[in-house]
Each structure stands twice: as structure tokens, then as C-alpha cells.
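Here is the structure we will look at.
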Amino acid sequence: MTRPTRVRFAPSPTGALHIGGARTAIYNWAFARATGGTFVLRIDDTDPERSTAENTAQILRSLRWLGLDWDEGPEIGGPFGPYSQTERSDRYAAALERMKVNGSAYPCFCSAADLETKRTAARAGDGAAGYDRTCRRLDPDTVAARLQAGEPHVWRLAVPADRGDIVVDDAVRGETVFPASAMDDFVLARTDGTPTYNFATVVDDADMEITHVVRGDDHLSNTPRQILVFEALGHFVPRFAHLSMIWGADGKKLSKRHGATSVEAFRDEGFLPEALLNYLALLGWSLDGETTIVSRDVLASAFSLDRISKNPAIFDVEKLEWMNGVYIREMPPAEFAERMLPWLVEAGLTTADDFYRRPEWYMTLVPLISERLKRMTEIAPALRFLFADAIELDPAAVEKALSSDEARSALAAAGDALRELRSWDAETIQTALRDLAESLGVKPKVLFQAVRVATTGSTVSPPLFESLVLLGRDATLARIAAAL
RNA sequence: GGCGCGUUCGUCUAGCGGUUAGGACACCGCCCUCUCAAGGCGGAGAUCACGGGUUCGAAUCCCGUACGCGCUACCA
């Protein structure tokens with residue numbers, strides 16, 4: 001009974017990959033990796049109205065961006081393909097055929113209107129819902145005749161009359177019992193012959209020899225129905241693990257109102273894939289209750305289903321930001337420089353050519369900025385003063401640091417002092433300015449802030465002396481003059 | 001309505017019969033400091049949803065209640 005682990009992530013391409021789906025993907029991937037199993041990616045595109053190729057492409061892109069690779073699936077194939085449901089209709093037909101033969105599926109000719117009235121009547125009554133099995137009681141001759149006549153019909157699952165309560169041994173929730181009486185003969189195939197979700201997904205999971213189904217909580221109630229189908233198909237029932245949902249900060253379902261929800265939106269908002277991966281992994285799973293920084297490699301070796309928590313989790317952007325900052329700070333400088341470049345280019349501050357023409361200059365800038373970031377989007381605003389020809393001085397900053405006579409005359413003196421320096425390095429600049437402040441009798445901070453506002457436009461900037469070095473003497477002197 | 005799931009600091013979580021209920025983010029204070037961060041140290045913050053049991057002993061086991069969520073479709 002010990003089969004090699006095979007898990008799958010089966011997104012529906014009706015939209016971008018959102019963080020809930022991403023977390024499900026991460027757990028599946030990590031579980032496969034940690035158990036030496038196989039991670040299958042399957043596209044559940046049975047909804048032709050809402051499924052698009054672009055959505056599929058974006059989902060694949062998002063998964064790869066997060067660093068998740070699949071062993072079987074779109075673009076790489078595999079022994080159990082095809083890996084999108086629209087290409088598997090013959091499988092569903094074959095499975096249904098088997099069920100017709102073994103008596104676990106039967107045709108139902110009830111109209112939608114009939115069903116509707118039955119449903120409302122049932123709900124008003126004892127609440128014991130579901131289809132009343134009218135067509136299951138039809139005698140075989142009648143069925144054959146109506147089928148022969150081409151009467152429209154769906155195919156329903158014939159829940160075994162002697163089936164006891166259905167127990168789902170969920171890896172996250174433990175044993176949950178669903179009364180057999182609550183199982184109705186649900187529809188497997190629609191009038192037009194297409195399979196319903198609960199049927200298609202089971203046929204696929206069975207065909208693909210999936211051993212563990214790790215998916216969202218919203219499918220827990222569907223699980224007993226699916227188990228019935230596995231049984232009707234004569235296939236082993238996989239182990240299930242149902243993940244709780246991720247909510248917005250207000251405890252409500254995540255939506256656009258909460259800002260970014262898609263993986264790509266988080267990318268665009270300056271989050272690193274390794275940070276998002278780490279954060280999402282810990283949103284519902286823990287390594288030991290203490291560790292917060294969990295790399296992809298650790299995830300891939302230490303992930304286990306039994307440490308998934310049952311509680312729904314609220315998405316906390318502030319913690320993600322903190323984690324993003326941790327990853328930024330821990331990144332090797334050369335790597336940070338490379339990954340910073342696109343953000344500078346996008347902001348129109350520089351070009352890749354310039355970057356590769358003088359990499360040393362960019363490298364010296366790395367430690368000044370990387371230490372104070374939460375998001376990559378903060379890079380361009382913080383460094384704009386180094387690239388722009390002219391800067392605008394923030395009025396509030398001017399008011400604060402340049403409005404007094406003391407500050408203005410000190411700034412003028414600073415300009416003179418800096419012009420005279422023999423060398424243009426941080427140490428020399430700092431010494432000169434400190435000496436100047438002392439001889440003028442002004443507080444160093446006052447002088448520094450005056451210079452900072454004059455040269456960067458703001459009271460907040462990367463370290464001043466290093467910034468001036470990068471700015472260069474000419475620009476520094478020009479800006480001081482302009483500010484006076 | 002029926003069935004199912006969930007409920008530990010504001011947030012993410014540890015805990016799996018005996019703990020001063022631990023960690024992280026956020027927050028507050030101090031230190032460091034050219035601003036902002038980062039970093040270091042410290043602090044506040046949880047009657048473990050509520051009510052009953054079981055037990056010498058319960059956040060941990062059982063039963064209810066409340067609240068939230070999911071399913072109950074020829075959606076996925």
C-alpha cells in the first residue's frame with residue numbers, strides 16, 4: 001500500500017493565480033519534494049466560458065516565478081497526460097461507460113424545473129436534501145426506450161444502497177464522518193455529455209494515480225461524493241488534506257478590496273518570490289513554531305502534512321513586508337544589484353547599458369539602500385536624487401532644515417569647504433563637515449541635515465557622506481548653490 | 001433548513017493531560033546613530049470563544065451553545 005507519492009495542483013484558469021492557490025501549490029510541491037514524490041500540474045479548464053489561454057500562461061509564469069517546478073504537466077508532458085481537462089474528454093466518457101456497465105451510474109430524465117420544485121420542497125421539509133431518485137426507480141425497459149428515443153438526460157451516480165457512513169481520514173482535520181443519508185445521487189455528466197467537476201476531478205486523480213489530494217477547505221464537503229466515485233470506479237481512495245482559507249485583514253474573503261491578491265500583483269508591488277514563498281508557506285504551516293525564515297530548500301526537505309494548522313489565516317501584509325526586508329538584506333550584494341536594476345530602469349532612472357558600463361558605481365550604492373528596504377518599489381524613489389539632473393526640494397524639508405539663517409550660512413560654508421577638499425571620499429567629507437560645524441559653532445546634525453536637504457531634496461536619505469560620494473563633487477556643489 | 005469544518009496575544013503560530021501558555025510581525029521604551037532604516041536590549045499584550053462534564057489535574061479528552069466559514073448546482 002505504500003505507493004510513491006503523487007500529488008497534483010489543479011488550478012482553474014479562470015483568473016490569475018491568487019495567493020490562496022499559490023499556497024496550495026506550494027504545499028503540494030513541498031510535500032512532493034519532501035517525500036521524494038511527483039508533483040503534477042493539471043489545468044482544470046472545464047469551464048470554457050471563463051477559461052483562457054492567457055490565464056493558463058499567467059498561472060504557469062507565477063508558479064515558476066515562485067520557484068515551483070512540476071514533474072508532469074503543461075509544457076513538459078508526462079506519462080499520464082494530457083494535463084488539461086478539455087483534452088481528456090475521452091477519459092471521462094470511458095469512465096462513465098464503466099460506471100454504466102457496473103451499474104453505478106444511471107440516466108435521469110428529470111427536467112430542471114422538476115428538480116427545482118423537488119429541491120425547495122425537500123428543503124422546506126426535513127431538510128434531508130438531494131435528488132429523490134425518481135429516475136433510479138425506472139424499470140430497465142422504460143429507460144432503454146427513453147434513451148433510444150433520444151430523450152435529454154444526465155447521468156447520475158447511484159449511491160450504493162448499503163453504503164454506510166463515509167469517513168474521510170483527513171491529514172489535517174482527522175476523521176470526519178459524513179452520514180450516508182446525506183449523499184444524494186449527484187450528476188456525473190451533464191445533458192451535453194460534459195463531466196461535472198466532482199466527476200472529472202476524480203477520473204483525473206484516479207487516472208493519474210494521485211495518492212494525496214491537498215486542496216482548499218471548500219472541497220471538504222465534496223470529498224465524500226468523490227470518494228463514492230473512486231469506489232464506483234474500483235480505484236483506491238487517495239489521502240486527503242484540506243487547507244483552511246486565507247482571509248483579508250478584515251476577516252472577509254480576499255478580494256480586490258484588500259489590494260493585491262494575485263501573485264503577479266505582489267511581484268509588481270516589490271515583493272521577492274522567495275519572501276512570498278516563505279510567508280505563504282508559514283501561513284498555515286510551521287516548521288517548529290519558532291523558525292520564521294524558511295528557505296525553499298528547507299521547505300522541500302522538511303515539509304509535512306501533519307504540521308498544517310486547521311485555522312483559517314488572515315493575510316498580514318506587514319509581516320510579509322518584514323520578511324521581504326529580511327530577504328533583501330540577506331541577499332549577496334552583487335545579486336541585489338542585478339535584481340535592483342529592473343526597478344531603476346522601469347522608473348526611467350537609468351539603463352542596463354549604464355549599469356554594465358560602471359558596475360562598481362552601482363555596487364557601492366547597494367549597501368546604502370538594501371538595508372532600508374521593505375519592498376523593491378522603494379528603490380527608485382530613494383535613489384532618484386542620484387540620477388536626476390535637477391532635484392525638487394521638498395518644501396517641508398526646506399522649512400525644517402534650511403529656513404534658519406544659521407542653517408543657510410552653514411550650508412554656504414559647507415559648499416566652500418567641500419570645494420576645497422583634496423579627495424572626494426566619505427571619510428574626508430565627513431571629517432571636513434564635522435570640523436566645519438565645530439568651527440562655526442553649529443550642531444553637526446544641523447549642518448548635515450542642511451546639506452542633505454540641499455543635495456537630496458529630503459530630510460530622509462541614504463547615508464549622507466556616501467551619498468555625496470556617489471553624487472559627485474560637481475553635482476553636490478551645484479545643488480548646494482541652487483539651494484541657497 | 002440539513003451536513004461538515006473552524007475558534008490560543010491585534011495578526012501568523014507553538015502546544016498534542018501537569019508549562020511562569022513559547023516564538024514571530026506589529027506596537028511601546030532604551031541603546032546605537034548624520035536622517036531614515038537596520039541591529040541590540042527590555043516591555044506591554046492571550047481569564048486558550050462560552051457553558052457543562054471526564055480527571056487528582058484540561059488550552060489539550062467528551063457533550064452542548066454562540067459566532068464565522070464551506071457544501072447542499074446539469075459552478076469549479
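Residue numbers begin at 1 in each chain, while the letters A, B, ... track the order of the sequences.
You'll find that the side chain of Gln449(A) is closest to rC34(B), out of rC34(B), rG10(B), rA76(B). With rU35(B), rA37(B), rG10(B) as the choices, the nucleotide that has an atom nearest any side-chain atom of Lys445(A) turns out to be rU35(B). The side chain of Leu220(A) approaches rC5(B) more closely than any other nucleotide in the set rU11(B), rU13(B), rC5(B). Here the nucleotide nearest the side chain of Leu464(A), chosen from rA26(B), rC34(B), rA76(B), is rC34(B). Ranking rC34(B), rC25(B), rA37(B) by closeness to the Pro463(A) side chain, first place goes to rC34(B). For His219(A), the listed nucleotide lying nearest its side chain is rA76(B); candidates were rC74(B), rA76(B), rC71(B). The side chain of Arg434(A) sits closest to rC34(B) out of rA37(B), rC34(B), rC25(B). Of the candidate nucleotides rC3(B), rA76(B), rC69(B), rA76(B) has the atom lying nearest to any side-chain atom of Ser12(A). Taking the side chain of Lys319(A) as heavy atoms from C-beta on, and the options rC12(B), rU35(B), rC34(B), the nearest nucleotide is rC12(B). Looking at the side chain of Arg329(A), the nearest of the listed nucleotides rC74(B), rG39(B), rC69(B) is rG39(B).
Taking SG of Cys108(A) as the start and CZ of Arg156(A) as the end, the distance is 4.0 Å to the nearest 0.5 Å.
rA38(B) and rG6(B) are spaced 39 Å apart, taking the C1' atom of each and rounding to whole Å. Separation of the C1' atoms belonging to rA14(B) and rG23(B) is 7 Å when rounded to the nearest angstrom. Distance noted for atom P between rG42(B) and rC25(B): 14 Å (whole Å). Here the separation of rC5(B) from rU65(B), taken at their P atoms, is 14 Å to the nearest Å. Rounded to whole Å, the C1' atom of rU20(B) lies 24 Å from the corresponding atom of rU55(B). Taking the C1' atom of each, rG70(B) and rG51(B) are spaced 26 Å apart, rounded to whole Å. For the P atoms, the distance linking rU11(B) with rA26(B) amounts to 16 Å, nearest Å. Nucleotides rA59(B) and rC16(B) have their C1' atoms positioned 11 Å apart, rounded to a whole Å.
Taking the ring centre of Trp322(A) as origin, the terminal cationic atom of Lys374(A) falls outside the region bounded by 6.0 Å and 45° from the ring axis. Cation-pi check for Arg146(A) over Phe109(A) is met; the charged atom lies under 6.0 angstrom from the ring centroid and within 45 degrees of its normal.
The phosphate of rU7(B) (OP1 or OP2) has a side-chain N or O of Asn311(A) nearer than 4.0 angstrom. Arg307(A) has a side-chain polar atom (N or O) that falls below the 4.0 Å cut-off from OP1 or OP2 of rG15(B). Proximity of Ser286(A) to the phosphate of rA14(B): a side-chain N or O atom is located under 4.0 Å from OP1 or OP2. A sub-4.0 Å separation between OP1 or OP2 of rC71(B) and a side-chain N or O of Arg225(A) is absent. Between Arg372(A) and rU33(B) there is no side-chain polar atom (N or O) within less than 4.0 angstrom of OP1 or OP2.
Electrostatic pairing of Asp170(A) and Arg239(A) does not count as a salt bridge here, judged by no charged N lying under 4.0 Å from a carboxylate O.
Each of Asp218(A), Val214(A), Leu305(A), Asp217(A) was evaluated against Leu243(A); a single residue qualifies, Val214(A), per the side chain to side chain contact (heavy atoms under 4.5 Å, CB included) test.
Atom CG of Leu283(A) is separated from atom P of rG23(B) by 21 Å (rounded to the nearest Å). Between Ile314(A) atom CD1 and rC25(B) atom P there is a gap of 19 Å when expressed in whole angstrom units. Atoms CZ (Phe109(A)) and P (rC74(B)) sit 16 Å apart, rounded to a whole Å. Straight-line distance from the CD atom of Glu371(A) to the C1' atom of rA37(B): 7 Å, rounded to whole Å. Here the P atom of nucleotide rU7(B) and the CG atom of Asp217(A) are 11 Å apart, to the nearest Å. The CD atom of Glu318(A) sits 6 Å away from the P atom of rC27(B) (whole-angstrom rounding). Between the CD1 atom of Ile293(A) and the C1' atom of rA24(B) there is a distance of 9 Å, rounded to whole Å. Distance Leu115(A) CG to rC74(B) C1': 9 Å, rounded to the nearest Å.
Aromatic rings of His18(A) and Phe266(A) (six-membered ring for Trp) have centroids beyond the 6.0 Å cut-off, not under it. You'll find the ring centres of Tyr27(A) and Phe9(A) outside the 6.0 Å limit.
Comparing Gln430(A) and Thr196(A) by the nucleotide of RNA chain B that holds the closest heavy atom to each, the one mapping nearer the 5' end is Gln430(A). Heavy-atom distances to RNA chain B give each of Ala313(A) and Val154(A) a nearest nucleotide, and the one nearer the 5′ end belongs to Ala313(A).
Looking at heavy-atom distances under 4.0 Å, Phe465(A) makes contact with a base. Within the 4.0 angstrom heavy-atom criterion, base atoms lie near Pro462(A). Note on Gly284(A): only backbone sugar-phosphate atoms sit closer than 4.0 angstrom, heavy atoms only; bases stay farther off. Within the nucleic acid shown, Val177(A) comes within 4.0 Å of sugar-phosphate atoms alone, with no base atom in reach, counting heavy atoms only. In this structure, Ser244(A) reaches neither bases nor backbone, as no heavy-atom distance under 4.0 Å exists between it and the strands shown. In this structure, Pro312(A) reaches the sugar-phosphate backbone alone: every heavy-atom distance under 4.0 Å involves primed, P, OP1 or OP2 atoms, never a base.
Below the 3.5 angstrom threshold, one finds no donor paired with an acceptor across the side chain of Asp218(A) and the base of rA76(B). Taking only distance into account, the side chain of Arg173(A) never meets the base of rC5(B) through a donor-acceptor pair shorter than 3.5 Å. With hydrogens and angles ignored, no donor-acceptor pair closer than 3.5 Å exists between the side chain of Thr176(A) and the base of rG4(B).
In this structure, Lys445(A) and Arg452(A) have side chains that are not in contact, with every pair of non-hydrogen atoms separated by 4.5 Å or more.
Ala454(A) and Leu393(A) make their closest contact through O-CD2, 3.9 Å (heavy atoms, listed as atom of the first residue, atom of the second, distance).
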